[in-house]
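Comments concern the structure below.
What you see is a predicted model, and the numbers here were worked out from it, not measured in a lab. What you see below is based on every heavy atom in this structure, not just the backbone, and it leaves out hydrogens, waters and symmetry mates.
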Amino acid sequence: MKYVFKALGRLLLTLVVVAAAAYGGWRLWDIYMRQPWTRDAHVRVDVVAVTPDVSGLVYDVAVADNTTVKKGDLLFQIDRDRFAIAFDRADAAVASSKATLEQAKRNLQRFERLTGVAVSEQQREEARTTEAKAEADYQAAVAQREVAALDLKRSEVHASVNGIVTNFSLLPGDYVMAGRPVMALVDTDTFRVEGYFEETKLPRVQLGAPVAITLMGQAGTIHGHVESIAAGVKDRERTDTYGSLANINPSFAWVRLAQRVPVRIALDSVPDGVHLVAGLTATVVVSSEPLSGDLRNGTSFASPVGPGKD
């Protein structure tokens, strides 16, 4: 009888160990295959290509590489002399055209007061035409002066967003061309993380769900929430040709890799000491339930001074 109880105990212990191993294996499979987490994530940010609207010699540079600036801060100034002269010339043209317009109006008024014996209808029409042309010339001169004033104003280039100047090598005396970027300005108000989740995990990724983010090589956990999910990704098996039938790759692999879909994650709080840099690799873990109430309660995200596979 004692032997039977001992055998039953060993059997029960074995069953418990097997059940625990099975449960642990199932949990690991569930975490790796179904839970919404990924190491394929990157820090992203919007970058403004700072481009002058006018051409000219750089007179003064107010920033250096990796300088933190606020919206409206002066970045650099193009030589104003040529634009100031152009404005003065345009202002003089306005004064001249205004005098011509006033004279044309006076002439027309005189012709309108005279009788048909003293002045013909043709002369009146010519006076009206002269007055209308003088009015048009005056309006054109005013518009040209506004353009000259705008060029003068835009000889100073200011930061359009809060951010950090990067890829900068501009010096006084350099010649810049209108429409050609001269530096990059990282918009620090747009720092975010984009995770690339397998399509099998998307059903568990809910809008507003809290997200824990860790950057490679940096301690501390960044908190955020799911902001949006991409509406589409490129179909690599199909080539569309305009005005013809779609070209579909006929090959099919038995092992099918899950497509990865970008998920945009907004940052709610960043711990002190965590340095955000666009392009850094991150690991993100999404909670299965969305946040309730205000998603941004707690420490607010402040712009800092400064994405691996599953």
Query raised in the report: Does some side-chain heavy atom of Val45 sit less than 4.5 Å from a side-chain heavy atom of Val43?
Result: no
Query raised in the report: Is there a donor-acceptor pair under 3.5 Å between the side chain of Asn162 and the backbone N or O of Lys71?
Result: yes
Requested in this report: Answer yes or no: is there a side-chain heavy-atom contact under 4.5 Å between Gln103 and Arg106?
Outcome: yes
Query raised in the report: Got Leu276 and Leu267 here, is their nearest side-chain heavy-atom distance under 4.5 Å?
Result: yes
Query - Linked, directly or transitively: Val277 and Val47 (ILVMFWY side chains, under 4.5 Å) - result: yes
Query raised in the report: Considering only heavy atoms from C-beta outward, does the side chain of Val226 approach that of Gln206 to under 4.5 Å?
Result: no
**Report entry** Linked, directly or transitively: Val286 and Val261 (ILVMFWY side chains, under 4.5 Å)
**Finding:** yes
Requested in this report: Determine whether Ile85 and Tyr59 fall in the same hydrophobic cluster, where Ile, Leu, Val, Met, Phe, Trp and Tyr are linked whenever their side-chain heavy atoms lie under 4.5 Å apart.
Outcome: no
Requested in this report: Could I get the full list of salt bridge (charged side-chain N to carboxylate O under 4.0 Å, His left out) partners for Asp137, not counting sequence neighbours?
Outcome: Lys133
Report task. Can you see which heavy atom on Ala258 is nearest to which on Thr200, and at what distance? Result -> CB-CG2, 4.5 Å
Query raised in the report: Taking side chain as C-beta onward, heavy atoms only, is Ser55 less than 4.5 Å from Val176?
Result: no
Report task. For the pair Gln218 (side chain) and Val274 (backbone), establish whether a donor and an acceptor sit closer than 3.5 Å, ignoring hydrogens and angles. Result -> no
Report task. Kindly check if the number of other-residue, nucleotide or ligand heavy atoms within 6.0 Å of CZ (Arg128) is above 12? Result -> yes
Query raised in the report: Can you tell me how far CG of Leu57 sits from OG of Ser155, rounded to the nearest 0.5 angstrom?
Result: 12.5 Å
**Report entry** Reported CD-to-CD distance for the pair Gln144 and Gln139, which is rounded to 0.5 angstrom
**Finding:** 13.5 Å
Query raised in the report: What distance separates Glu199 CD from Gln259 CD, expressed to the nearest 0.5 Å?
Result: 6.5 Å
Query raised in the report: Are Val54 and Val48 connected, step by step, through hydrophobic side chains (Ile, Leu, Val, Met, Phe, Trp, Tyr) whose heavy atoms are closer than 4.5 Å?
Result: yes
Query raised in the report: Heavy-atom count around Leu15 CG within 6.0 Å, excluding the residue itself: above 12?
Result: yes
Requested in this report: Measure across Val61 and Phe168 and return the closest heavy-atom pair with its distance rounded to 0.1 Å.
Outcome: CG1-CZ, 3.3 Å
Query - Residue pair Asp189 / Val161, side-chain heavy-atom distance below 4.5 Å - result: no
Query raised in the report: Which residues pass the side chain to side chain donor-acceptor pair (under 3.5 Å) test with Asp46, sequence neighbours left out?
Result: Arg192
Query raised in the report: Going by heavy atoms in the side chains, are Ile229 and Leu207 under 4.5 Å from each other?
Result: yes
Query raised in the report: Any side-chain heavy atom of Trp37 sitting closer than 4.5 Å to one from Thr283?
Result: yes
Requested in this report: Evaluate the criterion side-chain contact (heavy atoms from CB on, under 4.5 Å) for residue pair Glu131 and Leu101; output intermediate values, then yes/no.
Outcome: CA-CA 6 Å; Glu131 190 267 346; Leu101 174 61; 4.3 Å; yes
Query raised in the report: How close do Ile213 and Ala282 get, heavy atom to heavy atom, and via which atoms?
Result: CG2-CB, 4.0 Å
Requested in this report: Measure across Val69 and Leu185 and return the closest heavy-atom pair with its distance rounded to 0.1 Å.
Outcome: CG2-CD1, 3.7 Å
Query - From Arg260 atom CZ to Glu198 atom CD, the distance as rounded to the nearest 0.5 Å - result: 4.5 Å
**Report entry** Interatomic spacing from CD in Glu135 to NZ in Lys98 - rounded to 0.5 Å
**Finding:** 11.5 Å
Query raised in the report: Roughly how far, to the nearest 0.5 Å, is the CZ atom of Phe87 from the CG atom of Leu150?
Result: 11.5 Å
Query raised in the report: If you take all heavy atoms of Leu280 and His275, which pair is closest and at what distance?
Result: CD1-O, 3.5 Å
Report task. Evaluate side-chain contact (heavy atoms from CB on, under 4.5 Å) for Glu156 paired with Leu74, printing each intermediate quantity in order. Result -> CA-CA 7 Å; Glu156 292 184 352; Leu74 177 67; 4.0 Å; yes
Query raised in the report: Transitively linked via ILVMFWY side-chain contacts under 4.5 Å: Val186 with Val270?
Result: yes
Query raised in the report: Which atom names give the shortest non-hydrogen contact between Gly179 and Thr51, and what distance separates them?
Result: C-CG2, 3.1 Å
